[in-house]
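In what follows, a structure is listed as structure tokens, so that the remarks can point back to it.
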Amino acid sequence: MASSATFLLSPSSNLFYKPRLYSTSQTLLFRKPISIKASTTYLESSSNISVVDKPLNPSKIGNWKWKHQDESVNIYYEEHKNENENKPCKNILMIPTISDVSTVEEWREVAKDIVQRDASNVNWKATIVDWPGMGYSDRPKIDYNADVMENFLVQFMNSSDSPLQHSDDELVIFGGGHAATLALRAVKKGLVKTSAIAAVAPTWAGPLPIVFGRDSNMESRYGMLRGTLRAPAVGWMMYNMLVSNEKSIQSQYKSHVYANAENVTPEIIESRYALTKRKGARYAPAAFLTGLLDPVKSREEFLELFTGLEGKTPVLVISTSGSPKRSKAEMDALRGAKGVSKFLELPGALLPQEEYPAVVAEELYAFLQDHFEPM
């Protein structure tokens, strides 16, 4: 037997922000519904990429158990630290940008750079964690939304068995994209404590809502797309067509994820493609694409997150010169905004911490020195 589904999708097949038009073999358009047929015997990939096989050099890698309803979800994390035991240790939590290929890898070079610096009175330890449903963490078929991701972040920071359990109130958060905004939301609510936040290329609207809005008609279409992507057979077929192929990933990175297409290497594409083949890979990205992981619903709410930290928490915002037009407009709205202690524009697009790690690390370290390493 074969099952079929007909639905309408946007001209954007990217799970990062900037819309890009593809050939009709890669893109399903709102204007012309098509029928997709897939055998009910189509099997979901059970590929489970071994982290041990990847080139790693953190001080520690591990899995932490996140409790979500009746499930226990393995969460992958890495610790990078200076082995000098003669200075007090302060902690940084680095959170990857949410996307279809979100991974701790994007922060590794920045983490290594910062922790290896010879600070006068402190050792920095960086913990990088993968979101549930993304990276090397488990990807269960749960109903992902912004509240679920916030709950994960709160548990990871506050639980007694968390890798951060020995952190004091001077824990610093570095987040990219939606991750930064989710962290700001949790801090503003008083759910977590932090002594400073750096928001790197911060975003708040998913790929479809930022282009097509959120009226009832569009929300209905997003729901249809989301349901289809989560379906057992046709979902994997569509996910493979839109996301899980090397040409699509390469196109995304060269067009708007990186500012310089020459910085996109075959190794990066191979690594990200492998992530899209992990079991359950499509569930969280389906929520991101259709706006369910958006921390706020408007620019006004976005700005309010920063305003709420005015005079309470130092906040560094790093915008990028090569971001897609719509994303950059939201970043630039933070220039001079209340609650933003310092605003910088650096080279890069949506992943400056990975494309230009030395430049980003330099500014992040200067931010740390300003607030935690007095001369």
Side-chain angles (χ1 to χ4, degrees), residues 5 7 15 42-49 51 62-77 95-104 128-159 161-163 175 177-179 181-183 185-186 189 191-192 204-209 219-240 242-244 274-297:
F7 71 96
L15 296 194
Y42 183 86
L43 298 177
E44 176 169 303
S45 167
S46 60
S47 172
N48 195 8
I49 310 301
V51 179
N63 283 288
W64 175 75
K65 298 287 186 181
W66 172 50
K67 307 299 189 301
H68 176 70
Q69 297 177 349
D70 296 329
E71 296 196 53
S72 182
V73 181
N74 286 314
I75 299 298
Y76 175 79
Y77 70 92
I95 322 173
T97 302
I98 290 179
S99 74
D100 53 327
V101 290
S102 175
T103 169
V104 294
I128 320 174
V129 62
D130 269 329
W131 292 99
M134 298 178 178
Y136 299 110
S137 292
D138 284 355
R139 302 172 179 227
K141 189 178 181 180
I142 61 178
D143 293 326
Y144 294 94
N145 58 42
D147 291 338
V148 168
M149 293 309 209
E150 181 183 77
N151 173 267
F152 156 71
L153 185 60
V154 170
Q155 285 194 42
F156 187 76
M157 292 183 65
N158 294 342
S159 294
D161 63 345
S162 166
H178 271 43
T181 313
L182 279 165
R185 193 176 88 158
K189 289 180 178 179
L191 300 176
V192 296
W204 61 266
L208 295 184
E219 290 287 6
S220 177
R221 295 187 183 198
Y222 300 157
M224 189 186 310
L225 168 60
R226 190 163 52 245
T228 304
L229 281 169
R230 290 172 62 92
V234 71
W236 260 109
M237 183 178 182
M238 178 170 297
Y239 181 72
N240 287 336
L242 298 178
V243 177
S244 185
L275 290 173
T276 69
K277 293 302 182 184
R278 291 175 62 83
K279 183 178 181 181
R282 69 192 189 277
Y283 302 129
F288 173 62
L289 170 66
T290 55
L292 280 186
L293 302 189
D294 293 354
V296 295
K297 304 300 183 185

Who are the side-chain hydrogen bond (donor to acceptor under 3.5 Å, both in side chains) partners of [X], not counting sequence neighbours?
X: Asp143; answer: Arg230
X: Lys67; answer: none
X: Asn63; answer: none
X: Thr290; answer: Arg226

Would you compute the distance between atom [atom1] of [X] and atom [atom2] of [Y] and round it to the nearest 0.5 angstrom?
X: Lys65; Y: Asn74; atom1: NZ; atom2: CG; result: 3.5 Å
X: Ile128; Y: Tyr76; atom1: CD1; atom2: OH; result: 8.5 Å
X: Leu242; Y: Leu229; atom1: CG; atom2: CG; result: 7.0 Å
X: Arg278; Y: Arg139; atom1: CZ; atom2: CZ; result: 6.0 Å

Applying side-chain contact (heavy atoms from CB on, under 4.5 Å), name anything that partners Pro209, two or more places apart in sequence or on another chain.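 side-chain contact (heavy atoms from CB on, under 4.5 Å) list for Pro209, sorted by chain: Arg214, Tyr222, Asp294.
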Applying side-chain contact (heavy atoms from CB on, under 4.5 Å), name anything that partners Ser244, two or more places apart in sequence or on another chain. Tyr239, Asn240, Tyr273, Thr276, Lys277
Non-neighbouring partners of Trp66 that pass ring pair (Phe, Tyr, Trp, His ring centres under 6.0 Å), sequence neighbours left out: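 Trp66: ring pair (Phe, Tyr, Trp, His ring centres under 6.0 Å) contacts with His68, Phe152.
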Return the minimal non-hydrogen interatomic distance between [X] and [Y], and the atom names on each side.
X: Leu182; Y: Ile98; value: CD1-CD1, 3.6 Å
X: Trp236; Y: Arg282; value: NE1-NH1, 2.5 Å
X: Ala205; Y: His178; value: N-CE1, 3.4 Å

Could you tell me which residues satisfy salt bridge (Lys or Arg N to Asp or Glu O under 4.0 Å) with Lys141, sequence neighbours excluded, listed by chain and number?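 Per chain and number, Lys141 pairs via salt bridge (Lys or Arg N to Asp or Glu O under 4.0 Å) with no residue.
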Run the salt bridge (Lys or Arg N to Asp or Glu O under 4.0 Å) test against Arg185 and tell me which residues pass, sequence neighbours left out. Asp147, Glu150
Contact between [X] and [Y] at the side-chain level, heavy atoms closer than 4.5 Å - yes or no?
X: Leu208; Y: Arg221; answer: no
X: Thr103; Y: Met134; answer: no
X: Asp130; Y: Tyr77; answer: no
X: Ile142; Y: Tyr283; answer: no
X: Asp138; Y: Ile75; answer: no
X: Thr97; Y: Ser102; answer: no
X: Asn151; Y: Val154; answer: no
X: Phe156; Y: Val129; answer: yes

Main-chain N/O of [Y] paired to [X] side chain as donor or acceptor, under 3.5 Å:
X: Thr228; Y: Met224; value: yes
X: Ser137; Y: Gly133; value: no
X: Ser99; Y: Val101; value: yes

Evaluate side-chain contact (heavy atoms from CB on, under 4.5 Å) for Met238 paired with Val243, printing each intermediate quantity in order. CA-CA 8 Å; Met238 178 170 297; Val243 177; over 6 Å; no
Does the side-chain contact (heavy atoms from CB on, under 4.5 Å) test come out yes or no for Asp161 and Trp64, once each step is laid out? CA-CA 8 Å; Asp161 63 345; Trp64 175 75; 3.2 Å; yes
